[in-house]
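Both ligands and their constituent atoms are indexed starting at 1 by order of listing. All values reported here derive from a predicted model rather than from experimental measurement.
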Amino acid sequence: MMVLGLETSCDETSAAVVADGRRTLSNIIHSQLVHQRYGGVVPELAGREHIRRIVPIMEEALGEAGKTLADIEGFAATFGPGLVGALLVGLSFAKVLAWGTGRPFYAVNHLEGHIAANLLAHEEIGDHFLTLLVSGGHTMLIKVEGFGNYTVLGRSVDDASGEAFDKVAKILGLGYPGGAEIDRLARQGNPAYIRFPRAIPDPARLDFSFSGLKTAVALYVKNHPPEEIHEHLADIAASFQEAAVDSLCDKTAIALRRTNLPALALSGGVAANSRLRAKLQEICDRLGVGFMYPPSELCTDNAAMIAAAGAIHLMRGERTPFDVNAVPYQKLY
Ligand SMILES: Nc1ncnc2c1ncn2[C@@H]1O[C@H](COP(=O)(O)OP(=O)(O)OP(=O)(O)O)[C@@H](O)[C@H]1O
Ligand SMILES: [Mg+2]
């Protein structure tokens, strides 16, 4: 089944064509630059940018896939979670396309989209696996027992991991979004330079917490002379990253042991982090479980993962009524 997916939940305008929920024929992603000067996403500007870009980006996605609207057998768009004004653009447009062409429509949960990114990248993924979803808005350990059957084992009780990376990047005077910049800088730094706190060490709980770590970095920067901070920027970035990655890895290892699942699938924007990938690979090798993560362009927001998730539901005959609304705080079922 040929599905066109649209993703406009935050600051990426994206359209993609995916075949059978597994093969990406095109995945056009426009990251909005308008927010950079504000150091964070401005919701009203995001919505306006999506309106300006959505039609040419959809046309580009069709063109690159070598398809026309007549070839599309189903439409999918994110309905939540995300910014309501941003979500409404892609969601409304997908409804219009489905209505106009008489083809089916499915409204995709953005978090399920992130889980589906691994389906596009790994043929061998199987039905049962543990997902560590680490993004700008979420940090969750999810037991997957067949697509659509999820049990949330743990989640962040405060900031999301990506949010922590972005806030620390801001404290260190790096650009926005700062996760990738911290990753790059940390490669030249000493991860043992400062021992920042690892929160919630209690192995009985699979939850995460990152706001204390963020505050620890902020206090460290406040209490040391600017020249020293400047000289050791890479060491501080590496030390922060090590603490964040350790917290994620510890709980993931416990969850893998507890659930006996055969594989770990990492997803979301922070899944692009090189240190996190390397440490999880070590853990999975040691435990004898498979480890997979999507290529970086499928980690951060993109429409291919939305089309993939939508395609699976559409191929099962599931349809979303046209009166579905955008839901900013939508949970993963
Ligand atoms: N290499 C990296 N290392 C660490 N963090 C990274 C890296 N690359 C991207 N990120 C982070 O990923 C986040 C963006 O991911 P994503 O697009 O999945 O989040 P989101 O869509 O904003 O949130 P959500 O999906 O929860 O609604 C940002 O916080 C960014 O800093
Ligand atoms: Mg996302």
Close-contact set for ligand 1 against [X] heavy atoms, below 4.0 Å:
{"X": "H114", "answer": "18 (O), 25 (O)"}
{"X": "G162", "answer": "29 (O)"}
{"X": "F165", "answer": "4 (C)"}
{"X": "G179", "answer": "2 (C), 3 (N), 4 (C), 5 (N), 6 (C), 7 (C), 31 (O)"}

**Min heavy-atom dist C299 to ligand 1 below 4.0 Å** =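 True for this residue.
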**Asked** At the 4.0 Å heavy-atom cut-off, does P81 count as touching ligand 1?
**Response**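 The answer is no, since P81 has no heavy atom less than 4.0 Å from ligand 1.
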**Message:** Salt bridge or not between R23 and E123? Use side-chain N to carboxylate O under 4.0 Å.
**Reply:**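 So R23 does not pair with E123 through a salt bridge.
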**Pairing of K279 and E282 as salt bridge, 4.0 angstrom limit** =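 Here K279 does not pair with E282 in a salt bridge, since their nearest N and O are not under 4.0 Å apart.
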**Message:** Taking 2.8 Å as the limit, list every protein N, O or S atom around the Mg ion (ligand 2), by chain and residue number.
**Reply:**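 You should have found H110 NE2, H114 NE2, D301 OD1.
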**Prompt:** Under 3.5 Å, is there a donor-acceptor pair between the side chain of D207 and the main chain of R155?
**Reply:**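 Checked: pair present.
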Less than 3.5 Å apart, any donor N or O on the side chain of [X] or [Y] sitting next to an acceptor on the other?
{"X": "E49", "Y": "H35", "result": "no"}
{"X": "S161", "Y": "E163", "result": "no"}
{"X": "D158", "Y": "S209", "result": "yes"}
{"X": "D301", "Y": "H110", "result": "yes"}

About how many Å separate [atom2] of [Y] and [atom1] of [X], when rounded to the nearest 0.5 Å?
{"X": "N302", "Y": "I29", "atom1": "CG", "atom2": "CD1", "value": "5.0 Å"}
{"X": "D11", "Y": "T300", "atom1": "CG", "atom2": "OG1", "value": "9.5 Å"}
{"X": "R277", "Y": "C299", "atom1": "CZ", "atom2": "SG", "value": "5.0 Å"}
{"X": "Y220", "Y": "F240", "atom1": "OH", "atom2": "CZ", "value": "15.5 Å"}
{"X": "S92", "Y": "H50", "atom1": "OG", "atom2": "NE2", "value": "12.0 Å"}

**Asked** Hey, any chance I283 and L206 share a hydrophobic cluster, counting ILVMFWY side chains that come within less than 4.5 Å of each other, even indirectly?
**Response**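 Yes, it is one cluster - the side chains of I283 and L206 are joined through contacts under 4.5 Å.
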Can you tell me the protein heavy atom closest to [atom] and the distance?
{"atom": "atom 13 (C) of ligand 1", "result": "G136 N, 3.7 Å"}
{"atom": "atom 15 (O) of ligand 1", "result": "G269 CA, 3.2 Å"}
{"atom": "atom 31 (O) of ligand 1", "result": "D166 OD1, 2.5 Å"}
{"atom": "atom 23 (O) of ligand 1", "result": "G137 N, 3.1 Å"}
{"atom": "atom 21 (O) of ligand 1", "result": "D301 OD2, 2.6 Å"}
{"atom": "atom 3 (N) of ligand 1", "result": "N273 ND2, 3.0 Å"}
{"atom": "atom 27 (O) of ligand 1", "result": "H110 CD2, 3.8 Å"}
{"atom": "atom 24 (P) of ligand 1", "result": "S135 OG, 3.4 Å"}

**Request:** Evaluate the ring planes of F105 and F322, with Trp represented by its six-membered ring, and classify them as parallel (under 30°), tilted (30 to 60°) or perpendicular (over 60°).
**Result:**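 Aromatic pair F105/F322 classed parallel.
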**Request:** Between D183 and ligand 1, find which residue part has any heavy-atom pair under 4.0 Å and reply side chain, backbone, both or neither.
**Result:**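 The answer is the side chain of D183.
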**Message:** If I apply the N/O under 3.5 Å rule, does T300 come out as touching ligand 1?
**Reply:**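 In this structure, T300 places no N or O atom under 3.5 Å from an N or O of ligand 1.
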